[in-house]
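This structure is a prediction, so every number in the text was calculated from the model and none was measured. The residues of the chain are indexed from 1 along the displayed sequence.
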Amino acid sequence: GAGKIIQYADEWKSLTSQITQVTKSEKELIATRTKLISLAEDTRTDLSATVQLYSNLSRATESLGISTKQTADITKTINNLFVAGGKGGAAAAAGITQLSQAFASGVLRGDEFNSVAENAPRILDALSAKLGKNRGELRAMAEQGALTAGILSDALLQYSATAQSLADMTARTFSQSMTQAKNNAVEFIGTSKSLNDAINSLGGGIESVSRHLNDLAAVAGLAALTFGVKMVKALAAKTAAMIAATNATAAAALAEQNAA
C-alpha cells in the first residue's frame, strides 16, 4: 500500500543523503550508491544497513589512509561474515548497525562487541588471525578500549578472501531472499520519478490541509465541533484520495517496468 511506498521512498532518500555526506560530487555519489547496491545484493544484506556501515567506515577511517575501494572491501567482508554467521536478514542488519556504531565511535567494545560475538563470531576470528589472541583475550582488549577502528580495518582487509569463501558455503535463506526483495523495492521506488512526484504531492497536500487545524482551537461551542468534524472528514477524504492516487501511480509504474 501507500504506507510501504512512502516508507521505501524515504529510505532511499535517507541512504542517498548518507552517501552524499561521504562523497565529493554527484558523479561519485551515483557511482558509490551503485556499488553499494551491488554489494548488498552480492552479500544478501539489507541495503540501508550496508550504506550506514559504509558511511561510518568512511568517516572512521578517513585519517587512516584507507582508500574508497578498501572501505568498500571492508564493508563487503563484514557483510559476508554476518552471512557466514547464519543469522537471518533482520538479525544481520541489526548486528551490522551495532558494528557500524562501533566504527563511528572509533572502538569496538561493550554492547557492540557482544553483538558481534553473538551475530558474527567470524569477525572475532579475523581479529584473532590479525592479533594472535583468543576470544577471551579479545574481550579483555574490548573492555580496555584497545580494539580500535584501525585494528578492525586491517584485520578485515586481511580476512576478505576467507570471508568470501565462508559466505559462498552458506545457503541462501528465505529471510535473505526477502531482504533482497525489499532492497529491490527500495531502489525501484526511490528511482521512480512518477512515484516520487505522487508522494511529494501527497505530503504537500496533507501539510497544507493540516495548517488549518489550529483554527479549530479558536472556535467555541457547537459550531467549532461541527466545523471540526467536517474538517476532519474533509482531511480524511482528501488524504484517502491522495493515497489512492499514489497506489494507482505505483501500479502503473510497476506495469511499465514489467512491460519493458
Evaluation steps, side chain to side chain contact (heavy atoms under 4.5 Å, CB included), between Tyr54 and Thr68: CA-CA 10 Å; Tyr54 176 87; Thr68 299; 3.1 Å; yes
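- When the options Thr16, Leu15, Leu39, Val22 are evaluated for a side chain to side chain contact (heavy atoms under 4.5 Å, CB included) with Val51, the one that passes is Leu15.
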Stepwise salt bridge (Lys or Arg N to Asp or Glu O under 4.0 Å) check, Glu187 with Arg33: CA-CA 10 Å; Glu187 181 185 5; Arg33 187 173 61 193; over 6 Å; no
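- Asn79 places none of its side-chain heavy atoms less than 4.5 Å from the side chain of Lys76.
- Val107 is not connected to Ile66 by any chain of hydrophobic side-chain contacts under 4.5 Å among Ile, Leu, Val, Met, Phe, Trp and Tyr, and they are in different clusters.
- Around NZ of Lys182, the count of heavy atoms belonging to other residues, nucleotides or ligands within 6.0 Å exceeds 12.
- Ile189 and Ile5 make their closest contact through CG2-O, 3.6 Å (heavy atoms, listed as atom of the first residue, atom of the second, distance).
- Checked by atom type and distance alone, the side chain of Gln21 never pairs as donor or acceptor with a backbone atom of Gln18 at under 3.5 Å.
- For Gln70 (side chain) and Ser67 (main-chain N/O), a donor-acceptor pair under 3.5 Å exists by modelled atom type.
- Proximity of Gln101 to Thr97: side-chain heavy atoms (C-beta onward) are separated by under 4.5 Å at one or more points.
- Residues passing the salt bridge (Lys or Arg N to Asp or Glu O under 4.0 Å) test with Lys69 are Asp73, sequence neighbours excluded.
- A donor-acceptor contact shorter than 3.5 Å is absent between the side chain of Arg44 and the backbone of Ser175.
- There is no side-chain donor-acceptor pair under 3.5 Å between Asn56 and Gln52.
- Between the side chain of Thr32 and the backbone N or O of Leu29, no donor-acceptor pair lies under 3.5 Å.
- Taken to the nearest 0.5 Å, the CD atom of Glu112 stands 10.0 Å off from the OG atom of Ser100.
- Glu62 CD: 12 or fewer foreign heavy atoms inside a 6.0 Å radius.
- For the pair Lys130/Leu127, no side-chain contact is recorded, criterion being any heavy-atom separation below 4.5 Å from C-beta on.
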Stepwise side-chain hydrogen bond (donor to acceptor under 3.5 Å, both in side chains) check, Thr45 with Thr43: CA-CA 5 Å; Thr45 306; Thr43 59; 3.1 Å; yes
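- Leu99 has its side chain within reach of Phe82: a pair of non-hydrogen atoms, C-beta onward, lies under 4.5 Å apart.
- More than 12 heavy atoms of other residues, nucleotides or ligands shown are found within 6.0 angstrom of CZ on Arg59.
- The nearest pair of heavy atoms linking Ala142 to Arg109 is O-CB, 3.0 Å.
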Salt bridge (Lys or Arg N to Asp or Glu O under 4.0 Å) assessment of Arg135 paired with Asp125: CA-CA 8 Å; Arg135 298 287 177 88; Asp125 291 344; 2.7 Å; yes
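- Across all their heavy atoms, Ala40 and Gln180 have their closest contact at O-OE1, 3.8 Å.
- Both Leu64 and Leu57 are members of a single hydrophobic cluster when ILVMFWY side chains are connected at heavy-atom separations under 4.5 Å.
- Summarising the geometry, atom CH2 belonging to Trp12 is positioned 11.5 Å from atom OG belonging to Ser17; distances are rounded to the nearest 0.5 Å.
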Asp168/Gln164 under side-chain hydrogen bond (donor to acceptor under 3.5 Å, both in side chains): CA gap, chis, key distance, verdict: CA-CA 6 Å; Asp168 289 342; Gln164 186 64 62; 2.9 Å; yes
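- Counting heavy atoms from C-beta outward, Phe103 and Leu108 have side chains that stay 4.5 Å or more apart.
- To the nearest 0.5 Å, atom CE of residue Met141 and atom CZ of residue Arg139 are 13.5 Å apart.
- For the pair Ser128 (side chain) and Ala126 (backbone), a donor-acceptor distance under 3.5 Å is absent.
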Show the atom names and distances, to 0.1 Å, of all donor-acceptor pairs under 3.5 Å that link a side chain in residues 153-160 to residues at least two apart or in another chain.
residue	atom	partner	partner atom	Å
Ser153	OG	Ala149	O	2.8
Ser160	OG	Leu157	O	3.2

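- Linking Ile, Leu, Val, Met, Phe, Trp and Tyr residues whenever their side-chain heavy atoms come within less than 4.5 Å places Leu138 and Leu152 in a single cluster.
- The closest side-chain heavy-atom distance from Thr170 to Asn80 is not below 4.5 Å.
- Atoms OG1 and CD, on Thr23 and Glu28 in that order, are 5.0 Å from each other to the nearest 0.5 Å.
- Considering only heavy atoms from C-beta on, Thr179 stays 4.5 Å or farther from Glu41 through its side chain.
- At distances below 3.5 Å, at least one donor-acceptor pair connects side-chain atoms of Glu137 with backbone N or O atoms of Asn134.
- When all heavy atoms are compared, the tightest approach of Ile123 to Ile78 is CD1-CG2, 4.3 Å.
- Leu53 and Leu124 fall within the same hydrophobic cluster, defined by Ile, Leu, Val, Met, Phe, Trp and Tyr side-chain heavy atoms under 4.5 Å apart, directly or through other members.
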